[in-house]
Amino acid sequence: MTRVLHRHLHRKPPVAAGGEGLFVIGADGRRYLDACGGAAVSCLGHGHPDVLAAMHEQIDRLAYAHTSFFTTEVAETLADELVRNAPAGTSHAYFVSGGSEAVEAALKMARQYFVEIGEPRRAHFIARRQSYHGNTLGALAVGGNAWRRREFAPLLIDVTHVSPCYPYRDIGEGESPEAYGRRLADELDRAIVAAGPGRVIAFVAETVGGATAGVLTPVPGYFRAVREVCDRHGALLILDEVMCGMGRTGTLHACEQEGVVPDLITIAKGLGGGYQPIGAVLAQKRIVEAMSRGSGYFQHGHTYLGHPVACAAALAVQRVIARDGLLARVRASGEAFGGLLRRRLGEHPHVGDIRGRGLFWGVELVRDRPSRAPFDPAIQLHARVKREAMARGLMTYPMGGTIDGARGDHIVLAPPFIAGEDSLREMVERLAPAIDAAIASV
Ligand SMILES: Cc1ncc(COP(=O)(O)O)c(C=O)c1O
């Protein structure tokens, strides 16, 4: 019997009682090797002593102060450090408690910006199919995952969804990646025109598509073309790096590798590494200045904005990443991890695609490799893989609906940045039989 309203009402998950490095430890003593950081969260693994010490110190000093009364030294320092390392032109960080809150804040900040500068007719967002931006109503509306949206569709604001950047399935025969990227940017251009002149607030996209699409890395030039289209129409570019940001792909911000600077970046998961719930919006100076010159405030707020213990945890996580050179390590071990996955699973008859960057990888499963036909969604292959992996003491992050919200299965892998090559190999060695057992069970 449980009084917790769990994610699934007919299944109670195992009890997690401890955490140690790359392992989550069950109440029964079982050790689960964490190959996904939960949902690409635990970038420093579990129980990192430096982060725990920073949190203890902050709790002893001050656990909470409402931001309508006070700021705190720790929030100011975290903002200074994030802004210093953010793309050029970033001037401020707005701290919230997670990814969905970061996306909601970014949507509202973008809208307020246009109200402040005298363009209130801009009231429309464009985003991508198969994207995930969170589960609150605004974030769900911009998200493009059909399965998550369906039940709540009557409650969602009207958003235009354009194609994701999904070369494995959508690149044309003989089309170069660059031409494919330009084709997608042209589609965005047409969507902005169709919404009407001066109507679009922003295009919202995950720099590297994560949870619902199984790690879609953008083709070269795609985001530069997107940035150009947004600029031409006076629309903002909001990049959602809640999952792919804060070092996950080998640079602090994934957009650094695309050569673009968005107007707003949302970050969360790896920001606090799971030690505390925290997210943020990193805003360009012109956005903040428009609010400063206009209303003088951002018309938003939550009770736990800039929570001191969350800021202390995030500051410690980010300092460990910098001190220990973990971005370079993510790049190197990411290469190795990709190689291990390709060697072990590259020829697997039911692995259609292996894609990723840094320590952020997706494995797309197919019933038939030549036709890329997916498995019947009714068999819930992704859930079987997750179960079989857990039975082998391995945490992975599989999901269904990869192709269109209904069809397709993928597994997201997002190991902690501290994972050594032996552990990465062990993850792959446990994953392969879990996939085989899942397929054998259908
Ligand atoms: C890209 C992206 N945006 C937003 C969210 C929502 O974050 P949260 O679950 O912390 O609200 C997620 C969560 O997976 C995400 O991957």
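All ligand and atom numbering here is 1-based and tracks the order in the structure.
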Give a yes or no on whether the backbone of E73 and the side-chain of T77 come within a donor-acceptor separation of less than 3.5 Å.
-> yes
If a pair satisfies salt bridge (Lys or Arg N to Asp or Glu O under 4.0 Å) and one of its residues is in residues 228-247, list it, with sequence neighbours excluded.
-> D189-R232, R227-D231, E228-R232
How about T402 and E364: does a side-chain donor come under 3.5 Å of a side-chain acceptor?
-> no
Do the numbers put R329 on top of the ring of F417, so that NZ or CZ is under 6.0 Å from the six-membered ring centre and no more than 45° off the axis?
-> no
May I ask you to check whether F375 and H350 place their ring centers less than 6.0 Å from one another?
-> yes
Please tabulate, one line per pair, the protein N or O atoms found under 3.5 Å from any N or O atom of ligand 1, giving the distance to one decimal.
from     : atom 1 : to   : atom 2 : distance (Å)
ligand 1 : 3 (N)  : D240 : OD1    : 3.3
ligand 1 : 3 (N)  : D240 : OD2    : 2.7
ligand 1 : 7 (O)  : S100 : N      : 3.3
ligand 1 : 10 (O) : G99  : N      : 2.8
ligand 1 : 11 (O) : S100 : N      : 2.8
ligand 1 : 11 (O) : S100 : OG     : 2.6
ligand 1 : 14 (O) : K269 : NZ     : 2.9

No-hydrogen, no-angle side-chain donor-acceptor test under 3.5 Å, R128 and S163 | no
